[in-house]
Enquirer: 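First the structure, then my questions, so here it is.
Quantities reported herein were computed from a predicted structural model and do not represent experimental measurements. Naming convention: chains lettered A, B, ... in sequence-line order (proteins, then strands); numbering from 1 in each chain.
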Amino acid sequence: MLSLASVSAYLDVANSRWLWLSTLPVVLVVLLQASIFLRRAWSDGKEMGLSEAQLKSGFKTGVISAIGPAIAVLVGMLALIATVGGPVSWMRLSVIGSVAFELPAAELGVSQFGYSLGDDDISEVAYATAVWTMTLGGTGWLLFSAFGTPHMEKLRQKMGNGREKLIPVISSAAMLGAFAYFLTGEVAAGTPETGSVAAGGIVMLILLRIADERDVQWIREWALGTAMIVGLVVGVALQVTVGSWW
Amino acid sequence: MSGNDPRASTDGGTDVYRDSFVPYINTWGRRTNLLAVALSFGPAIVLLTVFDILPPTEAITSAFVAVAATYGIFWFIEPISYYPVLGIPGTYMAFLSGNISNLRLPCAAAAQESADVQTGTSEGSIISTVAIAASIGVNTTLLGVGAFALVSVFQALPELWRTALGSYLVPAVFGAIFAQFGRDYPKVAGVGFVLALAMTTLLEGGFLGFLPGYPLYVVIIVSVFGTILIARWMWQNGMIEAPEEA
């Protein structure tokens with residue numbers, strides 16, 4: 001792709017036609033699985049006594065309900081597109097991923113070479129490390145769902161021996177520890193980054209609180225997207241006004 | 001939707017569901033998810049073969065260890081926790097296509113409502129399969145078109161905004177996710193932040209130079225596992241407790 005005065009050279013590779021092509025097969029598998037399951041559910045469902053009208057209504061509702069959240073995901077995708085390019089963003093968010101996993105994974109990849117996402121001069125090797133990290137990290141969910149799903153009922157029963165209350169504590173602590181590490185890196189980068197971190201956190205807290213109090217699902221779906229946009233505006237505002245104090 | 005349990009169904013549809021539908025889904029679910037594991041390496045392989053970029057093994061390993069330390073527990077916890085709501089087909093599809101809580105679950109629930117079937121029956125599972133398949137079609141298409149369009153928009157932006165998008169969206173996401181988890185465990189959030197800040201300062205100050213390689217991995221491991229251990233200790237001593245809806 002043509003790029004004049006490119007901000008980051010690696011993004012030319014990241015947005016190249018070859019990368020778009022390389023993401024097609026796996027996305028096609030996702031669609032293939034959906035159509036295999038859909039056909040079988042349709043015919044077996046009829047045999048089980050579900051009416052054509054019920055099946056159609058289920059399909060239509062699935063389509064309509066997906067549009068809002070998918071647009072919300074698209075907004076979140078901006079951060080990935082700006083850092084790892086269009087094709088990989090599309091693939092990662094159509095297969096397994098969520099912005100909350102892919103961004104940290106990419107950050108861990110480039111940080112092996114002392115870069116941080118958003119640096120202008122990220123090398124191609126660092127970018128490739130980010131791609132490998134996102135890919136390998138995502139296979140955990142796929143492998144476990146591929147082999148574990150038929151045994152899920154037994155696994156659940158095994159876990160219920162009093163320790164299951166500790167699981168949310170431990171998994172939240174793992175997330176908090178990791179994101180604390182990501183945060184301190186951003187805070188060390190400068191005042192605008194710090195402002196963006198704080199704005200993102202505060203907006204999230206406010207929106208989740210409103211969503212809980214009024215029990216509104218769409219606010220939850222839009223919370224991350226809104227937090228990103230406000231964080232972006234605050235970061236730019238600080239950059240053009242006070243610059244960085246450290 | 002956990003329609004795998006034959007007792008949950010009340011009519012004659014159970015046999016078709018249990019003897020025909022579920023075995024078919026298990027076979028094809030495993031095949032397609034494993035195929036997706038292989039094909040998800042597409043971009044990494046293209047970077048290697050077309051662009052001749054292969055990161056050093058140590059960099060990939062070290063980044064992967066950091067990802068596994070943070071997210072490894074979620075590879076198992078998430079499928080097991082969402083399984084009762086997603087059912088067997090839903091588990092394969094949702095962990096292949098991602099965006100579970102914000103997209104797949106609402107779609108499945110809304111479709112069951114509109115098709116007038118009960119959650120937890122085999123009919124409910126058929127309808128959720130249809131709805132999730134429909135939602136996959138919608139979001140893959142929307143994200144694909146969106147990603148392609150957004151890349152062009154991104155490349156056409158003035159440099160200030162391109163840099164800003166690369167620099168300030170990511171910190172906002174980190175801040176927002178940290179706030180989301182910190183909301184339930186503010187004390188653990190404080191512990192994580194102090195640990196990560198201390199470790200990052202040590203790293204930047206060169207105090208970790210006695211360790212082999214680039215000692216980033218120590219910062220991540222101490223941040224993640226230190227926070228987990230302290231959170232566990234706090235939980236055992238009744239200083240924190242899991243929220244009602246974890």
Enquirer: Does any backbone or side-chain atom of A:P104 lie under 4.5 Å from a heavy atom of chain B? Answer side chain, backbone, both or neither.
Expert: both
Enquirer: Once you round to the nearest 0.5 Å, how far does CG of A:L208 lie from CG of B:D184?
Expert: 9.5 Å
Enquirer: Using heavy-atom distances under 4.5 Å, tell me whether B:L48 contacts chain A through its side chain, its backbone, both, or neither.
Expert: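 Contact with chain A is absent: no heavy atom of B:L48 under 4.5 Å.
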Enquirer: Examine A:W132 together with B:F64 and report whether their ring centres are nearer than 6.0 Å.
Expert: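 So the answer is no for these two rings.
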Enquirer: With respect to chain B, which residue among A:A70, A:G140, A:A188 yields the maximal number of heavy-atom pairs within a distance under 4.5 Å?
Expert: A:G140
Enquirer: Using a cut-off of under 4.5 Å on heavy-atom pairs, state which of B:V37, B:L35, B:L160 scores highest against chain A.
Expert: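 So the answer, after comparing B:V37, B:L35, B:L160, is B:V37.
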Enquirer: Less than 4.5 Å to any heavy atom of chain B: does that hold for the side chain of A:Q54, its backbone, both, or neither?
Expert: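 Looking at A:Q54, backbone and side chain both touch chain B.
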Enquirer: What residue, out of A:T83, A:V203, A:L74, has the most heavy-atom pairs lying under 4.5 Å from chain B?
Expert: A:L74
Enquirer: Test side chain to side chain contact (heavy atoms under 4.5 Å, CB included) on B:Q180 and A:L224 and set out the steps.
Expert: CA-CA 10 Å; B:Q180 185 192 323; A:L224 184 61; over 6 Å; no
Enquirer: I'd like to know if the side chain of B:W75 reaches the main chain of A:G137, judged simply by a donor and an acceptor atom lying under 3.5 Å from each other, with no hydrogens or angles considered.
Expert: yes
Enquirer: So, B:S20 and A:R40: side-chain donor and acceptor under 3.5 Å apart, yes or no?
Expert: yes
Enquirer: Dump the intermediate steps for side chain to side chain contact (heavy atoms under 4.5 Å, CB included) on B:I177 and A:F182, then the final yes or no.
Expert: CA-CA 11 Å; B:I177 307 279; A:F182 297 129; over 6 Å; no
Enquirer: What residue among A:F144, A:F147, A:W141 forms ring pair (Phe, Tyr, Trp, His ring centres under 6.0 Å) with B:F76?
Expert: A:F144
Enquirer: Specify which of A:S116, A:G86, A:A79, A:S94 makes the most heavy-atom pairs with chain B at under 4.5 Å.
Expert: A:S94
Enquirer: Does B:S114 use its side chain to pair, donor to acceptor, with the backbone of A:T61 at less than 3.5 Å?
Expert: no
Enquirer: Can we call the ring centroids of A:F101 and B:Y71 under 6.0 Å apart?
Expert: yes
Enquirer: Sort out for me which of B:F51, B:W28, B:F154, B:Y92 touches chain A most, counting heavy-atom pairs under 4.5 Å.
Expert: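 Winner by heavy-atom pair count: B:Y92.
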Enquirer: Please classify the contact of A:A105 with chain B as side chain, backbone, both or neither, using a heavy-atom distance under 4.5 Å.
Expert: both
Enquirer: When you measure from the side chain of A:W90 to the backbone N and O of B:T140, does any donor-acceptor pair fall under 3.5 Å?
Expert: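 Such a contact is found between A:W90 side chain and B:T140 backbone.
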Enquirer: Which one wins on heavy-atom pair count under 4.5 Å against chain B: A:T23, A:L55, A:V27, A:V88?
Expert: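 Heavy-atom pair counts peak at A:L55.
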Enquirer: Which bit of A:I67 is near chain B, if near means a heavy-atom gap under 4.5 Å: side chain, backbone, both or neither?
Expert: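 The answer is both parts of A:I67.
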Enquirer: Please classify the contact between A:L142 and chain B as side chain, backbone, both or neither, with a heavy-atom cut-off of under 4.5 Å.
Expert: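 Contact with chain B involves both backbone and side-chain atoms of A:L142.
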Enquirer: Which of the residues A:A223, A:G231, A:A174 is involved in the greatest number of heavy-atom pairs with chain B at under 4.5 angstrom?
Expert: A:A174
Enquirer: Given a strict heavy-atom distance threshold of 4.5 Å, which part of A:M91 is in contact with chain B: side chain, backbone, both, or neither?
Expert: side chain
Enquirer: Any donor-acceptor pair under 3.5 Å linking the side-chain atoms of A:S145 with those of B:N33?
Expert: yes
Enquirer: Looking at B:P171, B:A134, B:A36, B:A172, which makes the most heavy-atom pairs under 4.5 Å with chain A?
Expert: B:P171
Enquirer: Quick one: of A:A198, A:A189, A:S65, A:A146, who has the most non-hydrogen atom pairs under 4.5 Å with chain B?
Expert: A:A146
Enquirer: Once you round to the nearest 0.5 Å, how far does CG of B:L143 lie from OG of A:S89?
Expert: 10.0 Å
Enquirer: Look at the side chain of A:S196 and the backbone N and O of B:Y168, then say whether any donor-acceptor pair between them is shorter than 3.5 Å.
Expert: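 The answer is yes, because a donor-acceptor pair under 3.5 Å joins these two groups.
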